[in-house]
Visitor: 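I have a structure I would like to understand better, so I am pasting it below and will then ask my questions one at a time.
To find a chain, count down the sequence lines: A is the first, B the second, and so on, and within it residues start at 1. Predicted model, so just to flag it, every value in this text is computed and none were measured.
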Protein chains: 2
Amino acid sequence: MNTQHFSTKERILGAAEQLFATHGFAGASLRQVTAAANVNLAAVNYHFGSKENLINEVFRRRLDDLNAHRIEELDKAAARTDSDLEDLLSAFIRPALDLSLDRTGGGAFIRVLARAFAEHNDALRKFLSDNYGHVMKRFHAAFAQRLPNLDKEELYWRLDIIAGALTYAMADFGVIKRKTGVTEQTHRERAVEHLIRFAAAGLRAP
Amino acid sequence: MNTQHFSTKERILGAAEQLFATHGFAGASLRQVTAAANVNLAAVNYHFGSKENLINEVFRRRLDDLNAHRIEELDKAAARTDSDLEDLLSAFIRPALDLSLDRTGGGAFIRVLARAFAEHNDALRKFLSDNYGHVMKRFHAAFAQRLPNLDKEELYWRLDIIAGALTYAMADFGVIKRKTGVTEQTHRERAVEHLIRFAAAGLRAP
DNA sequence: GTCTATATTTGGATAGAC
DNA sequence: GTCTATCCAAATATAGAC
């Protein structure tokens with residue numbers, strides 16, 4: 001991530017992602033970030049204005065893509081008349097799995113997301129809600145259509161739990177050593193299947 | 001938590017627990033902690049030596065109790081010949097549920113635990129491993145006895161995931177507003193049941 | 001044990017030369 | 001756009017009086 005053929009901005013984002021994953025938002029200093037990115041300390045404020053905005057941009061870079069894929073998969077599932085709860089859950093969960101498996105830092109980003117859940121940071125939650133609330137609304141609507149007896153707020157609440165469980169599982173799996181070669185991907189695939197079954201059962205509960 | 005009829009040490013621990021839950025270990029300063037505890041800034045270093053040690057003591061205060069209850073429940077389950085996987089899981093999970101429901105800050109502590117998972121802090125992990133590794137060993141042995149075909153390392157790995165899922169669920173549930181009175185406890189009870197089924201299925205997977 | 005005062009370090013942010 | 005140098009605030013930690 002700190003090779004020279006990426007732009008300064010990209011190198012900062014990559015280094016920040018890694019360090020936020022490891023030390024947290026408060027724990028990783030801009031000095032650590034700029035040193036790892038091999039750029040000057042002042043570059044962060046020049047390109048991003050502030051540390052808080054840098055944090056937001058770390059999210060934006062990945063979430064734009066992730067949520068676009070989710071909407072894409074949701075549209076596919078919604079177009080089919082025979083799609084069920086599991087298909088909707090898959091549309092939400094599979095893109096996150098793919099991201100966690102990519103080789104350009106996606107695994108680190110998933111750990112950053114896990115931290116965001118733990119943070120309960122109001123500014124961060126507002127940013128996520130402002131920018132990606134519409135994705136949750138789309139999924140909420142799709143689930144609500146298939147679960148007409150479930151209270152709307154209860155549904156939001158359960159989707160939040162599912163997002164949390166997914167993030168945690170992906171972040172934790174990131175620590176596992178892939179001893180026997182293919183295992184890493186296989187394990188995550190299985191985790192996703194378990195999650196989908198678990199989440200579907202949870203959603204169907206009265 | 002910051003009333004005068006607790007000792008300085010206890011007030012610091014309570015305030016630290018609350019603030020670590022809200023802002024994280026790096027994010028909560030000793031100045032915030034001592035102000036909330038209504039004690040002098042220097043008191044932390046006098047009573048605990050350092051911030052890192054204060055963090056450790058926040059864990060010790062709750063985990064000693066939590067793990068004692070877990071061992072107690074495990075012994076009860078192990079004594080019965082007809083106990084199954086679900087009983088062992090219950091011995092592990094129920095004491096955490098009880099803690100999350102207590103009224104002296106247990107809910108905040110569960111959020112602190114969730115942060116510890118996200119931290120991946122080596123010093124903290126070593127502290128937890130040194131002081132509570134024997135509890136995981138006891139559970140590992142009990143599960144291994146009932147799952148003789150499962151690889152030992154695989155089992156450790158899965159128990160870790162279960163601990164993570166439990167912690168996350170409890171921490172997240174902590175945010176929910178109990179609108180209709182009894183709901184809070186009922187919801188957590190249900191979450192625990194889901195978790196146990198989920199975990200048991202995961203453990204039985206090949 | 002508790003306080004005030006302070007040493008020391010570190011962090012975020014910016015000014016101004018290039 | 002990038003660098004050096006620096007400002008200022010905040011943090012951990014300690015010394016020493018009470």
Side-chain angles (χ1 to χ4, degrees), chain A residues 1-61 112 115-116 119 121-124 126-127, chain B residues 1-59 61 112 115-116 119 121-124 127:
Chain A
M1 263 299 123
N2 43 10
T3 48
Q4 286 303 112
H5 53 274
F6 285 101
S7 72
T8 295
K9 234 175 144 168
E10 279 297 314
R11 293 214 305 286
I12 291 172
L13 285 169
E17 184 173 70
Q18 290 287 344
L19 286 162
F20 288 156
T22 309
H23 301 111
F25 304 112
S29 72
L30 294 185
R31 285 175 158 80
Q32 288 177 289
V33 169
T34 51
N38 208 25
V39 302
N40 188 272
L41 170 61
V44 166
N45 284 292
Y46 176 78
H47 285 286
F48 298 96
S50 69
K51 182 179 184 177
E52 187 176 315
N53 195 247
L54 169 61
I55 294 173
N56 288 347
E57 293 306 313
V58 165
F59 282 101
R60 190 194 307 280
R61 185 173 67 145
V112 174
R115 284 195 180 267
E119 285 292 325
N121 177 322
D122 283 342
L124 193 54
K126 180 172 164 27
F127 172 84
Chain B
M1 262 301 123
N2 44 8
T3 47
Q4 286 303 112
H5 52 274
F6 286 100
S7 72
T8 295
K9 233 176 145 167
E10 279 299 314
R11 292 213 307 285
I12 291 173
L13 286 169
E17 185 173 69
Q18 290 287 344
L19 286 162
F20 288 156
T22 309
H23 301 111
F25 304 111
S29 72
L30 295 185
R31 284 176 158 78
Q32 286 176 291
V33 169
T34 51
N38 208 23
V39 303
N40 188 272
L41 171 60
V44 167
N45 284 293
Y46 176 77
H47 285 287
F48 298 96
S50 69
K51 182 179 183 176
E52 189 176 316
N53 194 247
L54 168 62
I55 294 174
N56 288 347
E57 293 306 314
V58 166
F59 282 100
R61 185 174 65 146
V112 174
R115 282 195 180 268
E119 285 291 327
N121 177 322
D122 282 343
L124 193 56
F127 172 84

Visitor: State, with a plain yes or no, whether a side-chain heavy atom of Leu41(A) is found less than 4.5 Å away from one of Arg31(A).
Guide: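 Sidechains of Arg31(A) and Leu41(A): in contact.
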Visitor: May I ask you to evaluate whether Thr8(A) reaches the phosphate of dG1(D), defined as a side-chain N or O under 4.0 Å from OP1 or OP2?
Guide: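 Negative; the distance criterion is not met.
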Visitor: Rounded to whole Å, how long is the line connecting atom CG of Asn53(A) with atom C1' of dA13(C)?
Guide: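 That distance rounds to 14 Å.
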Visitor: Should Phe25(B) and Arg115(B) count as side-chain neighbours, where that means a heavy-atom distance under 4.5 Å?
Guide: yes
Visitor: Nearest to the His47(A) side chain among dT2(D), dT14(C), dT2(C), which nucleotide is it?
Guide: dT2(D)
Visitor: Spell out, as yes or no, whether a donor-acceptor pair under 3.5 Å connects the side chain of Gln32(B) to the backbone of Ser29(B).
Guide: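 The answer is yes, because a donor-acceptor pair under 3.5 Å joins these two groups.
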Visitor: Give me each pair satisfying ring pair (Phe, Tyr, Trp, His ring centres under 6.0 Å) with a member in residues 27-56 of chain A, each pair once, sequence neighbours excluded.
Guide: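 Listed once each, the pairs would be none.
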Visitor: Find which nucleotide of DNA chain C each of Ala26(A) and Leu41(B) is nearest to by heavy atoms, and output the residue with the more 5' nucleotide.
Guide: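 Result: Leu41(B).
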Visitor: Would you classify Ala42(B) as touching base, sugar-phosphate or nothing, given that sugar-phosphate means primed atoms plus P, OP1 and OP2, and contacts are heavy atoms under 4.0 Å?
Guide: base
Visitor: Atom NZ of Lys51(A) to atom C1' of dA10(D): distance rounded to whole Å?
Guide: 13 Å
Visitor: Rounded to whole angstroms, how far apart are CZ on Phe48(B) and P on dG1(C)?
Guide: 12 Å
Visitor: Taking for each residue the nucleotide of DNA chain D with the nearest heavy atom, is it Ser29(B) or Tyr46(A) whose nucleotide lies nearer the 5' end?
Guide: Tyr46(A)
Visitor: Which whole-number value in Å describes the distance from Asn45(B) CG to dT14(D) P?
Guide: 6 Å
Visitor: Measuring from the side chain of Arg31(A) (C-beta onward, heavy atoms only), which nucleotide among dT2(D), dT6(D), dT2(C) has the closest atom?
Guide: dT6(D)
Visitor: Find the distance Ile55(A):CD1 to dG11(C):C1' and express it as a whole number of Å.
Guide: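 Interatomic distance, CD1 of Ile55(A) to C1' of dG11(C): 13 Å.
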Visitor: So if I take every side-chain heavy atom of Asn40(B) and compare against dT4(C), dA13(C), dA13(D), which nucleotide ends up nearest?
Guide: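 The listed nucleotide nearest to Asn40(B)'s side chain is dT4(C).
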